[in-house]
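Please read the structure below before turning to the comments.
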Amino acid sequence: MPLALLALAVGAFGLGTTEFVMMGLLPDVAEDLHISIPTAGHLVSAYALGVVIGAPLLAALTARLPRRRVLISLMALFVAGNALSALAPGYDSLLAARFLSGLPHGAFFGVGAVVATGLVAPERKARSVSLMFMGLTVANIAGVPVATLMGQHLGWRATFLGVSLIGVAAMAAVFFLIHPTHAPAPASGLRGELTALRSLPVWLALATTVVGFGALFSAYSYITPMLTDAAGYADSDVTLLLALFGVGATIGNLVGGRLADHAMRGTLFGGLVSMVAVLLLFPVLMRTEWSAALAVVLLGVAAFITGSPLQLMVMERASAGPSLASSANQAAFNLANAGGAWIGGVALAAGFGLTSPAIAGAALAVLGLGVASVAYAVDRRQDAPPTAHVRVVASHVPEPAETVHS
């Protein structure tokens, strides 16, 4: 695998760290800015909203630019957003800075995935995407815990300054490790990118991302009360357990990338079936501490097995202009985050029990299997060669007229 993939992974590491670290910093930010924790929670939503809006918007605006320049520009915007977050004088300015920080997130992953697949042979495309995504999963193992500890000891502003430095390192890595000839401007331009989005298989692939990862976030959004109130862990143990989720996600991401290069559709179906099984087992696994820890790891493995095949499927179905569709898949991922958390919260509020969000997630995973099956049927129909219809027409050949001799 080319060293240039390391540059994309560094950028993904920074993006993953700043996306998830806010959850651990909410009490510190709320106390410092004299706001409630629910109000501080809007800072998480502001970032997600920035991702959903920025992913297709920035991908469209940069459709004609060289990909290397786009990646550097997106990381520059990321650095600016996090620096402004560190310097924000109040809640409103911090809310705006978090929205700004989220704008380049989806476009970086979307354009980065297109660049990653162009760096390798066709039989290694999924693996190249998984190596870029590894920066995101490793962020949950190391980046988020370290950044959270930094915020608790040095102040939350120091955390965002530190994340800005990661962004600067990613800009340097992209500049020095990705050659301009490996990330040129796309030939299709904006017209080609928009044309690719008219494809039904592209939208079915995006819908699979929304529903499939909605299953993950239905359970993961409420993993802390499951671990503390159901499994019996102390609050101080949760950070380590969430790092275990990152370990599982990293394993699933690497395994999924390797398997998808051999059977992309089979890997996707296998990951969704695994999600159904793991989430249905949550009420049993959350009864003891050791089995709850195992459940967290298995959830990460099952969920991220599907990451690379879903990203690659969207790109292949939009092969005429993959950057916009690839970025839209990251917006779909964040819609899954919001929608899955809402559905899990409905199950919890209805009084179905602490582990009910996991059961709701299993139902979403089943729905994801249904959408993926429809997408498979549509793909087979479109890829099937046209059937030749031969129609035999009986023709009447008139007999030659008799010769008349005079």
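Because the structure is predicted, anything quoted here is derived from the model rather than measured.
To the nearest 0.5 Å, the span separating CE on Met264 from CG on Leu310 amounts to 9.5 Å. We find the CG-CZ distance between Leu25 and Phe20 to be 14.0 Å, quoted to the nearest 0.5 Å. With rounding to the nearest 0.5 Å, the separation of CD1 in Ile178 from CG in Leu6 is 9.5 Å. For the atom pair CG of Leu43 and CD1 of Ile35, the computed distance is 6.0 Å after rounding to the nearest 0.5 Å. Atom-to-atom distance recorded for Thr208:OG1 and Leu272:CG is 7.5 Å, nearest 0.5 angstrom. Distance check, rounded to the nearest 0.5 Å: CG of Leu294 to CE of Met286 gives 9.5 Å.
For the pair Arg157 (side chain) and Ala88 (backbone), a donor-acceptor distance under 3.5 Å is present. Between the side chain of Thr159 and the backbone N or O of Gly151, at least one donor-acceptor pair lies under 3.5 Å. In this structure, the side chain of Arg258 does not engage the main chain of Arg127 through any donor-acceptor pair within 3.5 Å. Not one N or O on the side chain of Tyr233 forms a donor-acceptor pair closer than 3.5 Å with the backbone of Ala292. Although no hydrogens or angles enter the test, the distance criterion places no donor-acceptor pair under 3.5 Å between the side chain of Thr62 and the main chain of Leu65. Side-chain atoms of Thr137 never come within 3.5 Å of backbone atoms of Ala249 as a donor-acceptor pair (strictly under, hydrogens ignored). Remark: side-chain polar atoms of Thr250 are paired, donor with acceptor, to backbone N or O of Gly246 under 3.5 angstrom. The backbone N or O of Ser130 lies less than 3.5 Å from a partner atom in the side chain of Asn253, making a donor-acceptor pair. Of the possible polar contacts, one joining the Thr306 side chain to the Ala303 backbone as a donor-acceptor pair under 3.5 Å is found. Between the Tyr222 side chain and the Leu354 main chain, no donor and acceptor come within less than 3.5 Å of each other.
Between His105 and Tyr47, the distance from one ring center to the other falls under 6.0 angstrom. Checked against the 6.0 Å centroid threshold, Phe333 and Phe217 count as a close aromatic pair. If you look at Phe78 and Phe108, their ring centroids are not closer than 6.0 Å.
Leu281 places none of its side-chain heavy atoms less than 4.5 Å from the side chain of Leu298. Put simply, the side chain of Arg265 does not reach to within 4.5 Å of the side chain of Pro309, judged on heavy atoms. A heavy-atom distance below 4.5 Å is found between the side chains of Glu19 and Asn334. Counting heavy atoms from C-beta on, the side chains of Gln311 and Phe109 never come closer than 4.5 Å. Between Met315 and Thr117, some side-chain heavy-atom pair lies under the 4.5 Å cut-off. Between Asp237 and Leu227 there is no side-chain heavy-atom pair separated by less than 4.5 Å. Taking the side chain as every heavy atom from C-beta outward, Leu15 and Leu136 never approach each other to under 4.5 Å. Taking 4.5 Å as the limit, every side-chain heavy atom of Val301 sits out of range of all side-chain heavy atoms of Val255.
Counting heavy-atom neighbours within 6.0 Å of Glu289 CD, excluding the residue itself, gives a total above 12. Tyr91 OH: more than 12 foreign heavy atoms inside a 6.0 Å radius. Around atom NE2 of His262, more than 12 heavy atoms belonging to other residues, nucleotides or ligands sit under 6.0 Å away.
Of all heavy-atom pairs spanning Ala295 and Leu285, the tightest one is CB-CD1, 3.7 Å. The shortest non-hydrogen separation linking Asn82 to Ser101 is N-OG, 3.4 Å. Between Val247 and Ile141, the shortest heavy-atom distance links the atoms N-CG1, 3.5 Å. The nearest pair of heavy atoms linking Phe282 to Leu299 is CZ-CD2, 4.0 Å. When all heavy atoms of Met132 and Gly112 are compared, the pair lying nearest together is SD-C, 3.5 Å. Residues Ser327 and Ala107 approach most closely at OG-CA, 3.6 Å, considering heavy atoms.
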Please assess Asp261 against Glu123 for the test side-chain contact (heavy atoms from CB on, under 4.5 Å), listing each intermediate value before the final yes or no. CA-CA 6 Å; Asp261 278 328; Glu123 65 272 13; 5.6 Å; no
After noting the C-alpha distance and the side-chain angles of Tyr220 and Phe213, does the key distance pass the side-chain contact (heavy atoms from CB on, under 4.5 Å) rule? CA-CA 10 Å; Tyr220 187 68; Phe213 273 97; over 6 Å; no
Could you walk me through whether Leu280 and Ile359 pass the side-chain contact (heavy atoms from CB on, under 4.5 Å) test, one step at a time? CA-CA 6 Å; Leu280 287 177; Ile359 303 303; 4.3 Å; yes
Run Asn140 and Leu242 through side-chain contact (heavy atoms from CB on, under 4.5 Å) and show every step you take. CA-CA 7 Å; Asn140 285 281; Leu242 296 183; over 6 Å; no
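The aromatic rings of Phe160 and Trp156 stand perpendicular to each other, their planes meeting at an angle above 60°, with 30° marking the opposite boundary.
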